[in-house]
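What follows is a set of notes on a single structure, which appears directly below.
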Amino acid sequence: MEHKLTCIICPNGCELVYDDRKDKVSGNLCPRGEMFAKQEILDPHRMVTALVKTKFSSTPVVSVRLNQKIKKKDIAKVMKAIDEMIINKKMKMGEVIIKDVADLKGIDVILTKDVE
Amino acid sequence: MKNENYDIVIIGGGPAGIASAYAAKKHFNHVLIIERKDCLGGILEQCIHDGFGISRYNEELSGPEYARKEIAKLDNIDVALNANVYAITKDDELIKLSYYAPDGVHHIVAQKLIIATGCRERSAKEITILGTNPSGVYTAGEAQYYINIMGKLPGKRVVILGSGDIGLIMARRLTLEGAKVIGVYEIKNCPSGLERNIVQCLKDYDIPLHLSTTISSVKGRKKLTSVTTVKVDENMKHIEGSEEEIECDALIISAGLIPVNDMMKKLGLKMSPRTKGPIVDEHYMSSVPNVYCVGNALHVHNLVDDVSYTGERAATFAKDNLKERELIDVTFDEHISYVVPEVFDIKNIPPLVDFALRVKEEMKNITLKIYADEEVIFQRKYVKLLPPEMLLVKAKIKDDMKMKKIHLAIEKEDK
């Protein structure tokens with residue numbers, strides 16, 4: 001069958017059609033659209049950005065993201081693990097604060113701001 | 001009182017100002033950025049979501065990460081933080097301005113000025129909502145600051161009015177942080193935000209989007225207790241009997257952005273009723289010579305990558321001391337809602353010209369053509385264009401090309 005979807009990789013937002021019998025994508029302006037459409041139908045992935053509490057009153061929360069996209073169904077458990085974390089020391093943008101978050105191999109939570 | 005002299009001064013230390021500054025430094029010795037807040041980076045600090053830098057760095061960065069990369073390019077540039085410009089004038093040659101900062105008052109004389117003051121949100125006061133004046137009503141940017149910087153939730157049951165991108169991004173953030181977003185209400189019959197944000201912020205989390213629906217009134221003596229939604233007809237008139245009362249403790253308004261223009265008004269720049277920013281030529285120069293305007297202070301952009309680009313371009317143009325200008329109006333057809341630049345200096349045409357534009361309504365299978373007199377200097381096909389998507393195209397101009405007219409047209413393909 002044909003699946004219609006909007007590509008979310010970049011702001012062009014191409015309207016894609018994926019024909020699963022022919023395994024063919026149309027409507028994409030670039031190859032990333034083809035990869036997106038196939039993955040979105042089989043096993044959608046998303047980036048997660050979030051906030052982590054700190055014990056410092058000057059920066060009560062700092063922003064974090066994952067080092068790569070994760071399966072959509074894992075978002076809730078990753079958010080829970082991030083929510084339980086409290087940072088109690090000064091750290092720098094780019095540092096890993098949780099390795100293999102929520103037991104997902106290779107998925108790390110990294111700081112996108114300094115903790116000052 | 002002693003004056004401090006600069007070759008070029010940039011007002012605003014957000015992404016447009018930062019890019020202006022490092023590009024200006026390639027051509028000028030003394031560069032100053034004047035920033036109102038206590039750090040550079042502007043609104044990027046509170047934009048913790050990803051998607052920044054796709055075209056500039058080929059990476060999907062969060063706002064703070066993008067800001068860090070851009071700030072790292074500043075070298076040997078003076079930065080005044082916590083600094084507020086309270087007076088600004090321009091005589092025949094020079095720009096004179098005064099600002100106060102924690103270390104006192106400064107009087108600056110500059111050859112060139114770039115205005116990069118960004119945009120502000122349309123507030124609750126600017127859209128008509130009847131009822132009480134309770135706490136719990138925020139703009140999307142305020143809610144974003146509250147959550148992402150202060151670490152607090154504005155409410156547990158939230159209604160969002162307007163489908164601008166920040167509102168959509170806040171709908172996702174609030175949901176992930178544990179609040180219930182009851183719905184997003186948009187008075188127009190199509191979303192204001194980008195299609196990709198409708199998908200990844202609303203559809204991913206089953207948040208309903210109600211088109212042709214707005215909020216007519218709010219209730220609550222001290223704290224917001226409910227809002228009343230109402231459907232509208234094609235003339236945006238409320239449809240009687242379609243009202244619905246929804247219990248909630250926060251209302252977030254995402255009803256559009258407007259360039260911050262107080263500095264422009266003080267300098268007497270000619271303003272555009274279409275963009276609410278100043279009228280500039282293809283060098284990003286305003287009606288006042290040697291005063292430039294970039295980023296969201298010029299007109300509201302979708303992407304920070306484009307905002308940074310305008311800063312770099314204007315600062316590069318600023319190095320040229322142009323001949324006397326001869327400005328003509330840039331014209332465009334009825335499918336286009338605005339084009340920047342709105343005027344064109346035909347005495348000083350650069351080899352590459354940027355055009356930013358938006359379409360009035362959804363258009364499919366069309367070609368954008370830019371004419372210089374009768375000659376097509378740029379054309380590109382598009383499968384689909386939507387009003388929320390700003391187009392930024394770059395047209396090459398042949399050496400010594402003369403023109404008396406610039407016109408942008410959208411032509412439908414013959415099938």
Side-chain angles (χ1 to χ4, degrees), chain A residues 4-17 26-30 32-33 36 40 44-69 72-73 75-76 78-80 82-83 86-87 92-94 110-116, chain B residues 39 41 44-52 54-55 58 60-69 146-153 165 169 172-173 175-178 193-201 203-205 301-306 364 381-386 388-392:
Chain A
K4 281 191 176 171
L5 59 171
T6 303
C7 184
I8 62 170
I9 301 294
C10 90
N12 281 332
C14 293
E15 282 186 357
L16 309 176
V17 178
S26 55
N28 53 309
L29 289 175
C30 83
R32 292 183 300 179
F36 169 80
E40 189 68 7
H45 278 55
R46 293 288 183 271
M47 172 54 69
V48 173
T49 64
L51 296 154
V52 176
K53 293 186 268 302
T54 81
K55 71 174 186 70
F56 305 106
S57 58
S58 57
T59 45
V61 288
V62 286
S63 53
V64 296
R65 67 175 168 97
L66 304 180
N67 62 338
Q68 57 180 290
K69 291 178 184 176
K72 226 161 121 175
K73 65 174 176 58
I75 292 175
V78 165
M79 282 303 294
K80 187 163 178 290
I82 292 173
D83 195 44
I86 296 177
I87 295 176
K92 290 278 176 211
M93 176 185 282
I110 59 175
L111 284 173
T112 56
K113 257 185 203 177
D114 294 343
V115 186
E116 309 171 303
Chain B
C39 65
L44 287 168
E45 283 304 303
Q46 69 184 61
C47 299
I48 68 157
H49 55 282
D50 70 318
F52 300 92
I54 296 174
S55 66
N58 204 17
E60 290 188 50
L61 302 163
S62 67
E65 290 172 301
Y66 182 92
R68 178 72 66 95
K69 270 185 186 283
Y146 210 62
I147 299 171
N148 294 352
I149 306 290
M150 292 169 70
K152 292 183 170 153
L153 265 189
D165 286 310
I169 285 160
R172 173 177 63 182
R173 180 88 269 125
T175 307
L176 285 169
E177 298 299 334
L194 295 174
E195 204 61 32
R196 70 194 289 253
N197 286 331
I198 303 288
V199 172
Q200 60 182 346
C201 297
K203 288 189 181 149
D204 271 7
Y205 299 95
H301 292 64
N302 288 98
L303 299 179
V304 72
D305 304 66
D306 292 344
K364 286 188 167 172
K381 284 185 179 182
Y382 295 91
V383 179
K384 186 178 167 189
L385 289 179
L386 290 166
E389 294 166 7
M390 189 201 90
L391 280 188
L392 178 64

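- When every heavy atom of A:Phe36 is checked against every heavy atom of A:Leu5, the shortest pair comes out as CE2-CD1, 3.9 Å.
- Atom OG of B:Ser62 and atom CD1 of B:Ile48 lie 8.0 Å apart (nearest 0.5 Å).
- For chain A, the nearby part of B:Tyr205 is the side chain; its heavy atoms alone come within less than 4.5 Å.
- Although no hydrogens or angles enter the test, the distance criterion places no donor-acceptor pair under 3.5 Å between the side chain of A:Lys69 and the main chain of A:Pro44.
- Scanning both residues, B:Asp165 and B:Gly193, for their nearest heavy atoms gives OD1-CA, 3.3 Å.
- Remark: A:Thr59 OG1 to A:Lys113 NZ distance equals 9.0 Å, nearest 0.5 Å.
- B:Gln46 contributes atom CD, which lies 6.0 Å from atom CD1 of B:Ile149 (distance to the nearest 0.5 angstrom).
- Remark: A:Lys92 NZ to A:Ile110 CD1 distance equals 15.5 Å, nearest 0.5 Å.
- Chosen from B:Arg68, B:Glu195, B:Gln200, the residue pairing most often with chain A at heavy-atom distances under 4.5 Å is B:Arg68.
- The two residues B:Pro64 and B:Cys47 make their nearest non-hydrogen contact at CD-O, 3.4 Å.
- When heavy atoms are compared at a cutoff of 4.5 Å, B:Ile54 approaches chain A solely by way of its side chain, counted from C-beta outward.
- For B:Glu389, the part sitting under 4.5 Å from any heavy atom of chain A is the side chain, from C-beta outward, and nothing else.
- Interface remark: A:Cys7 contributes backbone atoms only to the contact with chain B (heavy atom separation under 4.5 Å).
- Between B:Glu45 and B:Ala67, the closest heavy-atom pair is OE2-CB, 4.2 Å.
- Interface residues of residues 47-56 of chain A toward chain B, defined by a heavy-atom distance below 4.5 Å and sorted by number: A:Met47, A:Thr49, A:Ala50, A:Leu51.
- With a threshold of 4.5 angstrom between heavy atoms, B:Asp50 approaches chain A through its backbone and through its side chain.
- Residue A:Leu111 holds its CG atom at 11.0 Å from CZ of A:Arg65, rounded to the nearest 0.5 Å.
- Using a 4.5 Å cut-off between heavy atoms, A:Lys80 does not touch chain B at all.
- No other option in B:Val383, B:Asn197, B:Leu303 has as many heavy-atom pairs under 4.5 Å with chain A as B:Leu303.
- What you find for A:Met93 and A:Asp114 is that their closest heavy atoms are N-OD1, 2.8 Å.
- Of the atoms belonging to A:Asn12, it is backbone heavy atoms, and not side-chain ones, that fall under 4.5 Å from chain B.
- No other option in A:Ser63, A:Cys10, A:Gly13, A:Pro60 has as many heavy-atom pairs under 4.5 Å with chain B as A:Cys10.
- For A:Ile75, the part sitting under 4.5 Å from any heavy atom of chain B is the side chain, from C-beta outward, and nothing else.
- Here the CD1 atom belonging to B:Ile198 is positioned 12.0 Å from the CG atom belonging to B:Asp204, to the nearest 0.5 angstrom.
- Proximity to chain A (any heavy atom under 4.5 Å) is shown, for B:Ile147, by both the backbone and the side chain.
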